[in-house]
Amino acid sequence: MTESVSAPEAYAVLGREFYDRDPLRVAPELLGKLVIRGRRVGRIVEVEAYRGSEDPASHAYRGKTRRNATMFGPPGRLYVYFTYGMHWCANAVCWPDGRAGAVLLRALAPEQGLDEMSAMRPKARHTRDLCSGPAKLCQAFGLDGSFDGADLVSGAGDIVIASDGVAPPRSPGRSERIGVTPSTGVRWRWWWPGDPNVSRPSAGKRVPERRDRHARPGAQRKAQPAAD
DNA sequence: TTGAGGATTCTC
DNA sequence: AGAATCCTCAAA
């Protein structure tokens, strides 16, 4: 029994095997799961998959460095990186030890411990401002570089991801990933439809491409790498 | 040692 | 639309 993480409800912490798969499969299944740190609980409503060595947009694409080393380690750990000179972002590491892969946690729906989250994010005016972005949720949960490598399975790292029985949405929102340059053309971002905490509810990337607005469903069938 | 750029957020 | 802000990495 670790007392570092409180579990007042019937939560089942996800096992190692959940993460020991292709990030493309792990990502959509993380929707609806709970991130738990002490009293703070948030439900995952937006994620992105990064496929390491096979993914030009991944930090791990050009090999192992000190920064991305956690991604090359065992699955089920937290990969936390620093960016833009001021922000931390958190990922769940996937694939077996030695093979880099991760799922970026982009947004959570705050469920418990909102007072603690608000204290960490004084600029937030609404509940939906607390965790509606990868760096925002790290602020709300107090995640920084000291959490890089934290084990999400054992709970020894003061943070876990668990299930309370809520299933992922049958038809999740899906788009290209946000902020990656250049866009690789793959739709590896998933979100919970209609959830107000999703960072960018409507589209994938905000770029000068109006054509997409009027494209019909069958008209723009891009190459979709084996996702399902 | 240096310089360019970044899986973002906030404000104007 | 632009600033904030500093770590990381590859190259010199």
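Side chains are part of it too, since the values below use all heavy atoms of this structure and drop only hydrogens, waters and symmetry mates. All figures in this text were calculated on a predicted structure; none of them were measured in a lab. Below, chain A is the first sequence line, B the second, and so on; all start at residue 1.
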Separation of [X] atom [atom1] from [N] atom [atom2], in whole Å?
X	N	atom1	atom2	answer
A/Met86	B/dT11	CE	P	12 Å
A/His87	B/dC10	NE2	P	7 Å
A/Arg66	C/dA10	CZ	C1'	15 Å
A/Phe82	C/dA4	CZ	C1'	11 Å
A/Arg200	B/dT8	CZ	P	7 Å
A/Leu104	B/dT8	CG	P	7 Å
A/Tyr79	B/dA7	OH	P	9 Å
A/Gln139	C/dT5	CD	P	14 Å

Less than 4.0 angstrom from a charged side-chain N to a carboxylate O is my criterion; do [X] and [Y] meet it?
X	Y	value
A/Glu48	A/Arg106	yes
A/Arg99	A/Asp22	no
A/Arg189	A/Glu46	yes
A/Asp115	A/Arg39	yes

* With a non-hydrogen cut-off below 4.0 angstrom, is A/Arg125 in contact with a base, only sugar-phosphate, or nothing? -> nothing

* Asked: Within the structure shown, what part of the strands sits under 4.0 Å from A/Ala57 by heavy-atom distance: base, sugar-phosphate, or nothing?
  ->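 Since a base atom lies under 4.0 Å of A/Ala57, the category is base.
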
* Asked: Do we count A/Tyr81 as stacking onto B/dA7 if the rule is ring centres under 5.5 Å and planes under 30°?
  ->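 According to the criterion (under 5.5 Å, under 30°), no, A/Tyr81 does not stack.
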
* **Partner nucleotide of B/dA7 by Watson-Crick or wobble geometry (both distances under 3.5 Å)** =>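 For B/dA7, the partner nucleotide comes out as none, under the 3.5 Å rule.
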
* Asked: Who is the Watson-Crick or G-U wobble partner of C/dT5, with both distances under 3.5 Å?
  -> none

* Asked: Are a donor atom and an acceptor atom from the side chains of A/Ser132 and A/Asn197 found within less than 3.5 Å of each other?
  ->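 The answer is no; no qualifying pair exists.
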
Contact under 4.0 Å: [X] side-chain N or O vs [N] OP1/OP2:
X	N	result
A/Lys136	B/dC10	yes
A/Arg121	B/dT9	no
A/Arg67	C/dC6	no
A/His59	B/dA7	yes
A/Thr83	C/dT8	no

* To do: Between C/dA10, B/dA7, C/dT5, spot the one nearest the side chain of A/Thr65, thanks.
  => C/dA10

* Do A/Tyr84 and C/dA4 have a side chain to base donor-acceptor pair shorter than 3.5 Å? -> no

